[in-house]
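Everything on this sheet refers to the single structure shown next.
For ligands, and for the atoms within them, numbers begin at 1 and follow the listed sequence. Because only heavy atoms are used, hydrogens play no part in the values below, and waters and symmetry mates are left out as well, while side chains stay in.
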Amino acid sequence: MTTIAEADTPAPVREAHGAPVAVRGLEKRFGAVTVLEGVDLDVPAGSILALLGPSGCGKTTLLRCLAGLEEPDAGEIRIGPRAVTGPGVFVRPERRRVGMVFQEPALFPHMTVARNVGYGLRRHDRRGGRVDHALDMVGLAGLADRLPGTLSGGQQQRVSLARALAAGPDVILLDEPFSALDAPLRAGLRRDVRALLAEAGVTAVFVTHDQEEAFTVGDRVAVMLEGRLEQVGTPAELYEAPASRAVAEFVGDANLIPAHAAGGLAHSPIGAIPLACPLQGPVDVVIRPECITACPGGDALVEHVEYYGHDTVLVVRACDGCPVRARVMGTQGFAPGDRVGLDYTGRPSIAFVRDGDREAAAPA
Ligand code: ATP
C-alpha cells in the first residue's frame, strides 16, 4: 500500500524552524501484537513534547512512525500543512525534514566532528557556515577537528544534535538521548538541550521513561501506557490533575487513599480532604506524599523510613490499616515503630470513583 509521494532526492537544506505535528488515529501492529492504538497527538510548532511511558509501551514505535522509519497500519501524520503518512501517502524519511537523535550518538569514528556534522549536507551548505553554526549552537565550536573517540559521551551526544540541527529540520525526534550518560552529565545536558531547541525554534518530540527528564525538558508531556496516550498536558497539569488512576500512579509518587466523598470533602483515614471534583460515595483520593505532614503522637504507625538526603519518606500504617507515604523535610527524627498523627496540607485533590472502571474525576 506504500505510495512514495515524492521523488528520491533529499529535501533541500534550510534553517531549522518548527512545524506543527498532528497525529490522528495511529495504529501499529507487529504480527498479532497491537503496539499503537488510536494515537491522537498535536505538537504545536516550536514546542517540545516529552513522550513519557514505561519500557515497551510503544514510545519508540511512535517516534519511528513520525520519522517514517515505520509504516503504521492506520492513521494519519501531518508535519506542517502536508500529510507525510496517511491513506495512499507515505513520504520517505529523508523527505520529511525530520532530524533524529538516538540513545547512542552513532558518529563515524574516522571522521572529524565537523565532517560528522556536515555528513549528508550538500557541498555549498557545508561551505556556507552551516556546520560551524550548528557546532556553535551546541557549544562545541572549538572541537571541530577532533575525532569522536576523543570526546566525552555528553560531547558526542551534542555532536549528534548538531548534525540533526545542521540539516535545517522542521522537527527533531530524540529517543532517550541522555540515557547512556551518568547522572550529573545528564542533568546538565538536558538543560542545555532544552535551551538550544528553544533557541533553534524547532519542534521537538523527545522520548523518555524518566519522569524528571520529561518534566524538565518538555513544555508538555504525553503519557503513554500500553500503546495509548493516556494524557497530554503541562507537567503541572499531569502532576496536579491526573486524568486517570493509571496516570496518577505512573507520574510521581501518589497515595490512592480509600475515602468517602460527600459535600466536597473526601473523608479519609487522614482526615477530611477537600475535593477538586464533585464526587459522592466511595472514592480513592489522590494524595501526593509532600501534601501530608506528620507530627509525633497519634494513632498511625511508622513502618519504614526512606532517607533521601533532601527529604525523607515515612511509610506509615494509618489507623484503619491503610498504607500512606508522607514526605517530610530532613528526617524530623522519626524512626520505625513511632506513633504519628497525619494531616493533609495540600490543595483540593483529585479522586476516582472506586467501583469498577468508572474513573471519573473533574478538575474544580
Ligand atoms: P523502551 O523504553 O524499552 O525502548 P518503548 O516504549 O520505546 O520501550 P517500543 O520500542 O516502541 O517501546 O516497543 C513496543 C513494543 O513493540 C514492544 O513490545 C516491542 O517488543 C515491540 N516491537 C517493537 N519493534 C518491533 C518489531 N520490529 N517487531 C516486533 N515487535 C516489535
Side-chain angles (χ1 to χ4, degrees), residues 1-2 21-43 48-77 79 84-85 90 92-93 96 98-106 153 156-157 160-161 164 171-183 185-187 189-190 193 197 203-218 220-233 235 238 242-252:
M1 99 97 182
T2 301
V21 176
V23 177
R24 293 290 174 272
L26 209 67
E27 308 271 339
K28 178 68 189 171
R29 287 181 288 281
F30 290 113
V33 181
T34 299
V35 174
L36 298 178
E37 212 178 334
V39 172
D40 293 332
L41 179 65
D42 284 288
V43 189
I48 305 174
L49 179 95
L51 192 52
L52 173 68
S55 182
C57 72
K59 305 180 296 293
T60 296
T61 304
L62 175 55
L63 208 70
R64 287 173 60 80
C65 288
L66 295 177
L69 299 172
E70 256 349 311
E71 192 171 349
D73 295 293
E76 187 187 66
I77 300 172
I79 297 179
V84 293
T85 298
F90 187 80
R92 288 182 188 282
R96 293 190 177 206
V98 164
M100 283 209 73
V101 179
F102 299 97
Q103 188 172 334
E104 297 295 336
Q156 289 185 31
Q157 210 41 309
S160 94
L161 185 57
V171 179
I172 289 204
L173 306 173
L174 304 101
D175 193 357
E176 307 248 15
F178 313 127
S179 57
L181 307 175
D182 60 40
L185 193 58
R186 206 174 158 141
L189 190 60
R190 71 187 181 212
V193 166
L197 288 174
T203 309
V205 180
F206 161 75
V207 159
T208 180
H209 59 263
D210 179 328
Q211 183 220 308
E212 194 178 291
E213 204 152 274
F215 275 27
T216 52
V217 178
R220 292 187 318 140
V221 178
V223 178
M224 178 171 254
L225 299 172
E226 296 178 357
R228 293 178 159 276
L229 284 188
E230 287 277 329
Q231 188 174 0
V232 184
L238 290 176
S244 68
R245 194 183 298 263
V247 173
E249 286 177 322
F250 183 71
V251 175

Item to complete: State whether the side chain of E230 and the backbone N or O of V247 hold a donor-acceptor pair below 3.5 Å, judged by distance alone.
Response: no

Worksheet item: Under a 4.5 Å cut-off applied to non-hydrogen side-chain atoms, are P72 and L36 in contact?
Response: no

Discussion item. So that I can tick it off, tell me whether E76 and R24 are bridged by a salt bridge, with the cut-off set at under 4.0 angstrom between side-chain N and carboxylate O.
Written reply: no

Worksheet item: Under a strict 4.0 Å criterion on non-hydrogen atoms, which protein residues are in contact with ligand 1?
Response: F30, V35, P54, S55, G56, C57, G58, K59, T60, T61, E176

Worksheet item: Under 4.0 Å between a Lys/Arg side-chain N and an Asp/Glu carboxylate O for E212 and R186?
Response: no

Worksheet item: Short question: side chain of Q103, backbone of P177 - any donor-acceptor pair under 3.5 Å?
Response: no

Fill in: Rounded distance (nearest 0.5 Å) linking atom CG of L52 with atom CD of E213
10.0 Å

